[in-house]
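A quick write-up on the structure given underneath.
Computed from heavy atoms alone, side chains included, the values below leave out hydrogens, waters and symmetry copies.
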Amino acid sequence: MKRIILIGLFIFTAYSIKAQSSDPQNMKIETQKEAFYPGGDSLLFATLHNTIKYTEAAISNQIKTQIFVSFDVLENGTLAEINILNNPGYGIGESVKTALSGLKFTPSILADGSAIKSNLMLTIPIKTF
């Protein structure tokens, strides 16, 4: 039994070391400027507040929460892979995705001046009343 556990531990350790050493996703990329919304966070949240359309169910249930969102800012500033990480229901997650999909960000910039895709995470306050 000990021999089986040791063999399993050895295989797991060997696999972990190989995965870390050959994974290009673990490379550190230094950016000169991170992606951001033109006009800053205040304008972003004001724009979202005015753009998000709440369902009657969300309004009648007086939802007050925060939504965590992850998305990619592409090289041209458009958003892709918008994921709601804690959807409260009542159609709010889809409304937030729709509102975000129409926005354009300034992409991350490398030291050489080239734009790259990056991932951002936001906490968006939601208040339906």
Side-chain angles (χ1 to χ4, degrees):
M1 182 65 168
K2 287 182 183 179
R3 182 177 281 181
I4 293 173
I5 292 173
L6 281 174
I7 291 171
L9 187 59
F10 176 76
I11 292 171
F12 175 78
T13 303
Y15 177 77
S16 296
I17 291 170
K18 175 154 179 31
Q20 288 178 2
S21 64
S22 65
D23 185 7
Q25 296 297 323
N26 287 334
M27 294 175 27
K28 178 146 177 68
I29 296 175
E30 303 243 351
T31 57
Q32 183 176 4
K33 188 181 264 187
E34 294 295 324
F36 66 94
Y37 185 73
D41 289 345
S42 296
L43 182 60
L44 170 62
F45 292 125
T47 302
L48 288 173
H49 177 73
N50 293 328
T51 309
I52 296 171
K53 306 289 185 216
Y54 298 111
T55 62
E56 288 298 322
I59 294 168
S60 66
N61 283 291
Q62 298 184 345
I63 305 299
K64 182 178 180 184
T65 189
Q66 294 180 335
I67 291 186
F68 304 108
V69 183
S70 170
F71 56 88
D72 292 335
V73 178
L74 302 179
E75 294 86 347
N76 64 1
T78 59
L79 305 185
E81 299 298 322
I82 302 170
N83 295 305
I84 307 297
L85 303 177
N86 65 324
N87 193 342
Y90 303 102
I92 294 173
E94 283 304 312
S95 295
V96 169
K97 283 175 94 169
T98 301
L100 279 170
S101 67
L103 300 180
K104 191 160 185 170
F105 279 62
T106 300
S108 292
I109 305 294
L110 292 176
D112 68 1
S114 60
I116 61 167
K117 177 176 116 175
S118 62
N119 182 268
L120 290 181
M121 294 184 76
L122 285 179
T123 301
I124 301 171
I126 300 295
K127 187 175 180 182
T128 64
F129 53 94

In terms of hydrophobic clusters joined by side-chain contacts under 4.5 Å, are [X] and [Y] together?
| X | Y | value |
| --- | --- | --- |
| Leu122 | Leu43 | yes |
| Ile59 | Val96 | yes |
| Met121 | Phe68 | yes |
| Leu79 | Phe36 | no |

How close do [X] and [Y] get, counting heavy atoms only, and between which atoms?
| X | Y | answer |
| --- | --- | --- |
| Lys104 | Pro38 | O-CD, 3.5 Å |
| Ser95 | Lys53 | OG-O, 2.6 Å |
| Lys64 | Phe129 | CB-CE2, 3.9 Å |

- Item | Option passing side-chain contact (heavy atoms from CB on, under 4.5 Å) with Leu103 (candidates Thr78, Val73, Leu48, Thr51) |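 Answer to the side-chain contact (heavy atoms from CB on, under 4.5 Å) test with Leu103 among Thr78, Val73, Leu48, Thr51: Leu48.
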
- Query: Can you tell which of Leu74, Leu120, Asn76 makes a side-chain contact (heavy atoms from CB on, under 4.5 Å) with Phe105?
  - Reply: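 It is Leu120, the one option of Leu74, Leu120, Asn76 that forms the side-chain contact (heavy atoms from CB on, under 4.5 Å) with Phe105.
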
Is it true that a side-chain atom of [X] and a backbone atom of [Y] form a donor plus acceptor pair closer than 3.5 Å?
| X | Y | value |
| --- | --- | --- |
| Asn83 | Leu85 | no |
| Ser114 | Leu110 | no |
| Asn87 | Gly89 | yes |
| Thr55 | Gly91 | no |

So [Y] and [X], do their side chains get closer than 4.5 Å, heavy atoms only?
| X | Y | value |
| --- | --- | --- |
| Thr128 | Asn61 | no |
| Ile126 | Gln66 | no |
| Phe71 | Glu81 | no |
| Ser70 | Asn119 | yes |
| Ile67 | Thr123 | no |

- Message: I need the Ile109 CD1 to Ile116 CD1 distance, nearest 0.5 Å.
- Response: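 The CD1 atom of Ile109 sits 8.5 Å away from the CD1 atom of Ile116.
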
- Gap between atom NZ of Lys127 and atom CD1 of Ile63 - 0.5 Å precision: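 Answer for the CD1-NZ pair, Ile63 versus Lys127, is 13.0 Å.
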
- Query: Is the closest side-chain donor-acceptor distance between Ser118 and Asp72 under 3.5 Å?
  - Reply: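 No, Asp72 and Ser118 have no side-chain donor paired with an acceptor closer than 3.5 Å.
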
- Does the separation of the ring centres of Phe45 and Tyr37 fall below 6.0 angstrom?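 When the ring centroids of Phe45 and Tyr37 are compared, they turn out to be at least 6.0 Å apart.
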
